[in-house]
Structure formats: structure tokens, C-alpha cells
Amino acid sequence: MNLSLIYGTLLDNHNFERFLEMTLDKGLLIVLSGPSGVGKGTVRKAVFDNPDTDFKYSISMTTREKREGEVDGVDYFFKSHEEFEALIEQDKFIEYAEYVGNYYGTPVDFVRETLEKGHDVFLEIEVEGAKQVRDKFPEALFIFLAPPSIAHLKDRLIGRGTDSQEVINYRIQEAKRELELMNLYDYVVINDSVDEACRKIHSIVEASHLRRSRVERTLRKLLLEADN
Ligand code: ADP
Ligand code: 5GP
């Protein structure tokens with residue numbers, strides 16, 4: 001029997017093997033994104049504080065100033081503009097974006113190597129970067145973190161206390177545009193409670209591991225057994 005037929009495609013067996021190798025045994029690339037101030041950083045920290053979380057966090061590179069309490073190589077890899085631009089030239093990023101005057105980017109080597117080893121990798125990035133990842137890794141899992149309302153978003157930006165009124169107004173304007181990008185994502189999680197948002201993210205990841213395309217090898221073994 002040509003097993004590829006069960007997938008509803010006409011892949012020959014050689015290509016089919018390659019298809020299996022491409023999709024199986026690799027970790028899942030998980031992308032959490034959403035408007036500024038929605039709580040991405042807060043939810044990400046809570047996800048990684050949970051001892052049950054076994055994804056690897058991809059530490060981004062940025063040119064922004066280190067904030068109090070941040071550690072180089074833990075929160076970000078802090079780079080100068082020149083260093084960052086040299087890395088862009090060397091094609092060292094899966095994605096990068098300029099955000100409020102600074103560069104932010106996801107280093108490609110860590111993500112590739114970690115996925116190859118079979119670990120899930122978690123990115124927490126803004127929406128322009130997520131769009132770029134979608135072009136390069138369409139098989140990744142895209143989760144959009146949405147605010148319960150624009151009023152909540154505004155309150156959170158004010159409450160965080162890191163931005164001037166002018167920047168907050170700009171971010172709210174941008175958020176409207178960013179919310180329209182929601183339809184590029186696989187799942188939407190409303191961040192009304194941080195604990196609930198974390199629980200939902202874990203459920204989504206668990207379900208994504210059970211996608212048929214990811215359990216093909218098990219399915220194939222079952223069919224071979226049934227044939228014998
Ligand atoms: P982002 O990383 O998306 O820009 P932050 O994680 O910095 O957002 O969160 C923005 C502000 O909102 C912070 O002050 C944070 O404490 C607060 N916040 C995040 N999630 C919630 C939530 N579920 N309920 C109330 N406040 C929240
Ligand atoms: P902050 O300066 O508050 O740490 O982050 C600002 C924004 O940059 C947040 O929305 C955060 O999710 C995003 N960000 C962090 N790392 C990356 C990255 O590697 N790439 C992109 N595109 N955005 C990032």
C-alpha cells in the first residue's frame with residue numbers, strides 16, 4: 001500500500017519520508033505575540049515560573065538600554081546598534097523588528113538547534129516579528145494575547161509606569177492596528193487573568209502536539225502492524 005495516500009496527498013514514498021523527517025521529532029516553535037502592554041512579558045514570566053513548563057525560552061537580542069534588575073544573557077542579550085546591524089548582515093536572525101527606536105531580534109542558531117533536539121521553543125515577540133516568523137516557519141504555533149478591552153490596555157500601560165502620556169497614546173493607536181493582525185494567528189487568548197492565560201497556553205501547546213501531522217509516525221506504525 002502506498003501509505004502516502006492516507007494523507008490525502010500524492011507524495012511518493014521518498015518525498016513522504018522527507019515530509020516525515022521534516023515534521024516529526026522536532027520541537028514545536030511557539031510564538032506568543034500581541035499589542036504592547038497586553039501582558040506578554042508578564043504571562044511569559046508566569047509560564048516559565050510554572051515548574052511543569054518544559055519549553056525553552058529563546059532569549060532575544062536588543063539594542064535597548066538594560067533596565068534595573070535585568071541581566072545580560074538572561075532577560076536579553078544586550079547589543080550595540082553596530083553589533084546588531086552586523087548580525088543582520090550575517091543573517092543571524094529568524095526575525096527582527098525596530099520597536100520604539102530600538103532593534104529586537106530572535107537569534108536563529110539557538111532556535112534551530114533547540115528544535116532539532118526535539119525541544120519546544122517559546123518566543124515572546126511583538127507583531128511585526130511574528131509576521132516574519134510566520135513566513136519562515138508556517139508550521140509554528142501562533143498565539144495572540146488580546147486585552148479584555150482597550151480600556152484595560154490603556155490602564156495597563158498607565159499602570160506599568162514606563163511610558164509618557166504621548167507614548168501611551170501612540171501605543172493605543174498602534175494597538176488598534178495590531179488587533180487587526182489577530183486573524184494571522186492560530187489561537188487567541190484573552191489576558192483577563194494571568195493564571196488563566198498560562199493555563200490556556202499550556203492547553204493549546206498540549207493539543208498542538210497531538211495534531212495529526214505530528215503523530216504520523218505512530219499512525220504509520222499502527223498501519224504497518226495492521227498490515228502484518
Ligand atoms: P507587554 O509585555 O505586552 O508589553 P507587560 O507584561 O509589560 O506587557 O504588561 C503591561 C502591564 O500590565 C504591567 O504593568 C503588568 O503588570 C500588567 N498586567 C499584565 N497582565 C495583567 C492581567 N492579566 N491583569 C492585570 N494586569 C496585568
Ligand atoms: P521590552 O523593551 O518591553 O522588553 O519589549 C518591547 C517589545 O519587544 C515587547 O512587545 C516584546 O514582546 C518585544 N520583543 C522582545 N523580544 C523580541 C524579539 O526578539 N523580536 C521582536 N520582534 N520583538 C521582541
Side-chain angles (χ1 to χ4, degrees), residues 29-49 56-79 83-84 87-88 92-112 114 121-137 140 142-164 167-168 170-172 174-175 177-179 181-182 184-185 188-201:
L29 181 59
I30 306 155
V31 181
L32 180 71
S33 194
S36 171
V38 69
K40 297 183 294 298
T42 307
V43 169
R44 185 253 300 167
K45 285 194 188 98
V47 164
F48 282 91
D49 281 347
K56 308 284 176 199
Y57 178 55
S58 161
I59 302 168
S60 296
M61 289 189 187
T62 184
T63 58
R64 84 145 159 73
E65 289 287 311
K66 202 194 291 177
R67 292 183 191 138
E68 210 182 307
E70 286 185 332
V71 177
D72 190 21
V74 174
D75 299 285
Y76 283 104
F77 294 106
F78 293 95
K79 300 281 170 197
E83 285 170 328
F84 201 102
L87 291 166
I88 296 173
K92 290 288 186 191
F93 295 106
I94 291 180
E95 62 72 36
Y96 70 92
E98 259 190 282
Y99 181 82
V100 199
N102 281 299
Y103 284 124
Y104 293 81
T106 302
V108 68
D109 292 345
F110 173 82
V111 172
R112 279 202 194 286
T114 312
V121 176
F122 189 96
L123 309 184
E124 179 242 299
I125 59 179
E126 52 71 67
V127 291
E128 288 305 321
K131 253 180 14 193
Q132 295 171 38
V133 179
R134 197 171 175 92
D135 292 340
K136 291 193 185 155
F137 284 83
F142 294 87
I143 305 175
F144 189 90
L145 195 64
S149 68
I150 295 290
H152 278 86
L153 190 63
K154 204 168 185 175
D155 287 348
R156 286 179 192 175
L157 283 169
I158 294 168
R160 189 168 64 178
T162 53
D163 300 313
S164 65
V167 172
I168 290 173
Y170 169 77
R171 289 193 176 192
I172 294 291
E174 280 292 288
R177 191 183 58 79
E178 290 167 345
L179 284 168
L181 294 174
M182 215 190 293
L184 296 177
Y185 291 72
V188 175
V189 170
I190 307 279
N191 180 20
D192 35 21
S193 127
V194 174
D195 286 349
E196 270 299 288
C198 289
R199 191 186 61 72
K200 288 174 185 165
I201 289 169

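Reckoned from all heavy atoms, side chains included, excluding hydrogens, waters and symmetry mates. Counting starts at 1 for both ligands and their atoms, following the listed order.
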Within reach of ligand 1, part of P35 (heavy-atom separation under 4.0 Å): backbone

Whether F84 and F93 hold their rings parallel, tilted or perpendicular, with breakpoints at 30° and 60°: parallel

Protein residue, atom and distance nearest to atom 16 (O) of ligand 1, heavy-atom basis: T42 OG1, 4.0 Å

N or O contact, G159 vs ligand 1, cut-off under 3.5 Å: no

Y96, OH atom: more than 12 neighbouring heavy atoms under 6.0 Å: no

Atom CZ of R160 with >12 non-hydrogen neighbours under 6.0 angstrom: yes

Options R156, K45, R160, ranked by nearest heavy atom to atom 7 (O) of ligand 1, top entry: R160

Subset of ligand 1 atoms that lie under 4.0 Å from at least one heavy atom of D192: 23 (N), 24 (N)

Shortest protein heavy-atom distance from atom 2 (O) of ligand 1, along with the residue and atom involved: G41 N, 2.9 Å

Contact (N/O only, under 3.5 Å) between K40 and ligand 1: yes

Atom 20 (N) of ligand 1: the protein heavy-atom neighbour that sits closest, reported with distance to 0.1 Å: N191 ND2, 3.1 Å

Part of V43 within contact of ligand 1 (heavy atoms, under 4.0 Å): neither

Backbone of I168 reached by a side-chain donor or acceptor of D163 within 3.5 Å: no

N/O separation below 3.5 Å, S36 to ligand 1: no

Shortest non-hydrogen contact from Y76 toward I59: CA-CG2, 3.6 Å

Backbone N/O of D135 and side chain of Q132: donor-acceptor pair under 3.5 Å: no

Enclosure of K79 NZ (heavy-atom neighbours >12, cutoff 6.0 Å): yes

Atom-level proximity to ligand 2, residues with heavy atom under 4.0 Å: K40, S60, R64, R67, Y76, E95, A97, Y99, Y104, G105, T106, E124, I125, E126, G129

Which of the ligand 1 atoms, numbered from 1, are nearer than 4.0 Å to a heavy atom of V194: 20 (N), 21 (C), 22 (C), 23 (N)

Taking every non-hydrogen atom, the tightest pair across R156 and D192: NH2-O, 4.1 Å

Nearest-contact summary for atom 8 (O) of ligand 1 - protein heavy atom, Å: G39 N, 3.1 Å

T63 side chain to Y103 backbone, donor-acceptor under 3.5 Å: yes

Criterion side-chain contact (heavy atoms from CB on, under 4.5 Å) against T106, the qualifying member of V111, L29, V31: V111

Main-chain N/O of L145 paired with K40 side-chain donor or acceptor, under 3.5 Å: no

Aromatic plane relationship, Y104 with Y99 - under 30° parallel, 30 to 60° tilted, over 60° perpendicular: perpendicular

Identity and distance of the protein heavy atom lying nearest atom 10 (C) of ligand 1: G37 O, 3.5 Å

